[in-house]
Amino acid sequence: MEVTGFFTAIIIGLIVGALGRLVVPGKQSIPIWLTLLIGVVAAILGTLVAGAFGVDDTAGIDWIELLIQVIFAAIGVSLAAGAYGRRRH
């Protein structure tokens with residue numbers, strides 16, 4: 001992964017976190033900063049996985065890479081909401 005790809009993943013991660021939260025049904029009782037952090041991690045992981053499968057550099061918008069990132073974000077938000085919800089009660 002190039003340095004520009006890393007920084008792009010972080011910026012995209014902020015959006016991916018919000019998309020991941022929207023994909024997960026129900027109300028998530030996690031703070032917005034945690035959603036954004038999950039999005040950044042999901043974007044980086046998604047970029048690495050897309051690179052491993054060879055779909056990280058396509059002409060135009062990398063829809064497959066974005067889908068992988070959103071899936072990672074949705075999983076992360078679900079796990080965090082479950083853990084954060086249990087911890088607060």
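All values below come from the heavy atoms of this structure, side chains included, with hydrogens, waters and symmetry mates left out.
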**Q** Do Val24 and Ile38 belong to the same hydrophobic cluster, where Ile, Leu, Val, Met, Phe, Trp and Tyr are linked whenever their side-chain heavy atoms lie under 4.5 Å apart, directly or via other members?
**A**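 Cluster IDs for Val24 and Ile38 match.
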
**Q** Atom CD1 in Ile30, atom CG in Leu36: separation rounded to 0.5 Å?
**A**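 So the CD1 of Ile30 and the CG of Leu36 are separated by 9.5 Å.
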
**Q** State, to 0.1 Å, how close Gln28 and Val77 come at their nearest heavy-atom pair, and which atoms those are.
**A**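 Of all heavy-atom pairs spanning Gln28 and Val77, the closest is CG-CG1, 3.7 Å.
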
**Q** With side chain to side chain contact (heavy atoms under 4.5 Å, CB included) as the test, pick out the partner of Phe72 among Val16, Val41, Val49, Leu67.
**A**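 Of Val16, Val41, Val49, Leu67, side chain to side chain contact (heavy atoms under 4.5 Å, CB included) with Phe72 is met by Val49 alone.
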
**Q** Shortest non-hydrogen contact from Ala18 to Thr35?
**A**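 It is N-CG2, 4.2 Å.
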
**Q** Is there a path of hydrophobic side-chain contacts, each under 4.5 Å between heavy atoms, that joins Leu79 and Ile71?
**A**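 Yes; tracing contacts between hydrophobic side chains, which count when under 4.5 Å, links both residues.
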
**Q** Measuring from Ile68:CD1 to Leu48:CG, what's the distance to the nearest 0.5 Å?
**A**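 Output value for this atom pair is 11.0 Å.
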
**Q** Surrounding CG of Leu66 (heavy atoms of other residues, nucleotides or ligands, distance under 6.0 Å), is the total greater than 12?
**A**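 Yes.
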
**Q** Is the shortest heavy-atom distance from the side chain of Glu65 to the side chain of Thr47 under 4.5 Å?
**A**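 Yes, at least one pair of side-chain atoms sits under 4.5 Å.
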
**Q** Nearest 0.5 Å, please: how far is CG in Leu37 from CD1 in Ile32?
**A**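 Reported to 0.5 Å precision, the distance equals 11.5 Å.
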
**Q** Write down the atom of Ala73, the atom of Ala42, and the distance for their closest heavy-atom approach.
**A**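 What the structure gives for the nearest pair is N-CB, 3.3 Å.
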
**Q** Give the cluster check for Phe53 versus Trp63: same hydrophobic cluster or not, with ILVMFWY residues linked at side-chain heavy-atom distances below 4.5 Å.
**A**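 Each belongs to a different hydrophobic cluster.
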
